[in-house]
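I have placed the structure first, in the form of structure tokens, so that the comments after it can refer back to it.
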Number of protein chains: 2
Amino acid sequence: MQSLLFFLCKVSYERGDILKTKIASLRKKHKLTQEELALAVGVTRQTITSLECEKYTASLVLAYKIAQYFGLSIEEVFDFSEVEEL
Amino acid sequence: MQSLLFFLCKVSYERGDILKTKIASLRKKHKLTQEELALAVGVTRQTITSLECEKYTASLVLAYKIAQYFGLSIEEVFDFSEVEEL
DNA sequence: ATAAAATGTCAAGTATACTTTGCACGGAAT
DNA sequence: ATTCCGTGCAAAGTATACTTGACATTTTAT
């Protein structure tokens, strides 16, 4: 039986400056658990959860490691479209 | 008379995990002061100094803004070659 | 029906990114 | 020689990124 509910993230409206990411969908496409991805890029599972639920924005180095793990560029994994124009 | 000395950064050997950047050379190529670049990307001059002297690594959003200012990708401005392989 | 695996969350702590202010020094111009 | 500009630095403070450990709910497997 298919699941009726997904794991849901509690959305925080305190900060509007957190980058949207494709981490969750990329991870599922590669059939990985958060734990496995965390191990692969050298952080804890909670950090992956936080990034997927957009609690904060990854550091530059972590962003690179995640992108590289999926064979993509940083710009392909994180959505910069809402960064204030220069 | 040509200058004999450049502005020099005191190198800290405490951390070996700070990304090398092309910010200083790009800024000079564009004939900008640190102050002007700082204003353009929305940080203080001291932050630009710190990044150029590699005191710490920029955040993902700041890295994006700097790269975009120069019309480059993040990967073209920051050197990820020494990031631990996955 | 039960157990195990996967995910989300919270609190407290450490580490890193960035700000603010102020000072020192070299180079350029007058 | 004096002044101004650009740069490097330091200390203290705030904000954000990440860790650790523990717990609740959902999903998957038995």
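No hydrogens, no waters, no symmetry mates; every other heavy atom, side chains included, goes into these values.
Expressed to the nearest 0.5 Å, how far OG of B:S59 lies from OH of B:Y64 amounts to 13.5 Å.
When the C1' atom of D:dT14 is taken as reference, atom OH of B:Y56 falls 13 Å away, rounded to whole Å. Spacing between atom CD of B:E36 and atom P of D:dT7 amounts to 9 Å, rounded to whole angstrom units. Rounded to an integer number of Å, the gap from A:I23 CD1 to C:dA6 P is 19 Å. In this entry the distance linking CD of A:E52 with C1' of C:dT7 reads 9 Å, nearest Å. We find that CD of A:E35 is positioned 10 Å from C1' of C:dA5, with the value rounded to whole Å. Note: CG (B:L62) to P (C:dT19) measures 8 Å, nearest angstrom. Spacing between atom NE2 of B:H30 and atom P of D:dG6 amounts to 18 Å, rounded to whole angstrom units.
Contact check, B:R27 against D:dT7: a side-chain N or O comes under 4.0 Å of OP1 or OP2. Checking the phosphate oxygens (OP1, OP2) of C:dT19, a side-chain nitrogen or oxygen of B:T44 falls inside 4.0 Å. Of the side-chain N and O atoms in A:Q34, none sit less than 4.0 angstrom from OP1 or OP2 of C:dA5.
At the heavy-atom level, A:K55 lies under 4.0 Å from the strands shown only through sugar-phosphate atoms. Across all strands shown, A:T57 has heavy atoms under 4.0 Å from sugar-phosphate atoms exclusively, and none from any base. Within 4.0 Å (heavy atoms only), A:T49 reaches at least one base atom of the nucleic acid. If you check every strand for non-hydrogen atoms under 4.0 Å, A:T47 touches a base.
In this structure, the side chains of B:F80 and B:I74 come closer than 4.5 Å at one or more pairs of heavy atoms.
Listed candidates were D:dC9, D:dT25, C:dT9. Nearest to the side chain of A:F7 is D:dT25. Here the side chain of B:C53 is nearest to one of D:dG8, D:dC18, C:dT9, namely D:dG8. Comparing D:dT7, C:dA17, C:dG8 by their nearest atom to the side chain of B:T33 picks out D:dT7.
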Considering only distance and modelled atom types, tabulate donor-acceptor pairs under 3.5 Å from the side chains of residues 39-48 of chain B, sequence neighbours left out.
from  : atom 1 : to    : atom 2 : distance (Å)
B:T44 : OG1    : B:T47 : N      : 3.4
B:T44 : OG1    : B:T47 : OG1    : 3.2

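Evaluated for a side chain to side chain contact (heavy atoms under 4.5 Å, CB included) with B:T57, the options B:T21, B:D17, B:L19 yield exactly one hit, B:L19.
Remark on DNA chain C: of its neighbouring residues B:L51 and B:R45, the 5'-side contact belongs to B:L51, judged by nearest-heavy-atom nucleotide.
Within 3.5 Å, no donor on the side chain of B:Q46 pairs with an acceptor on the base of D:dT7, nor the reverse.
Hydrophobic clustering, with ILVMFWY side chains joined whenever heavy atoms are under 4.5 angstrom apart, groups B:L32 together with B:V77.
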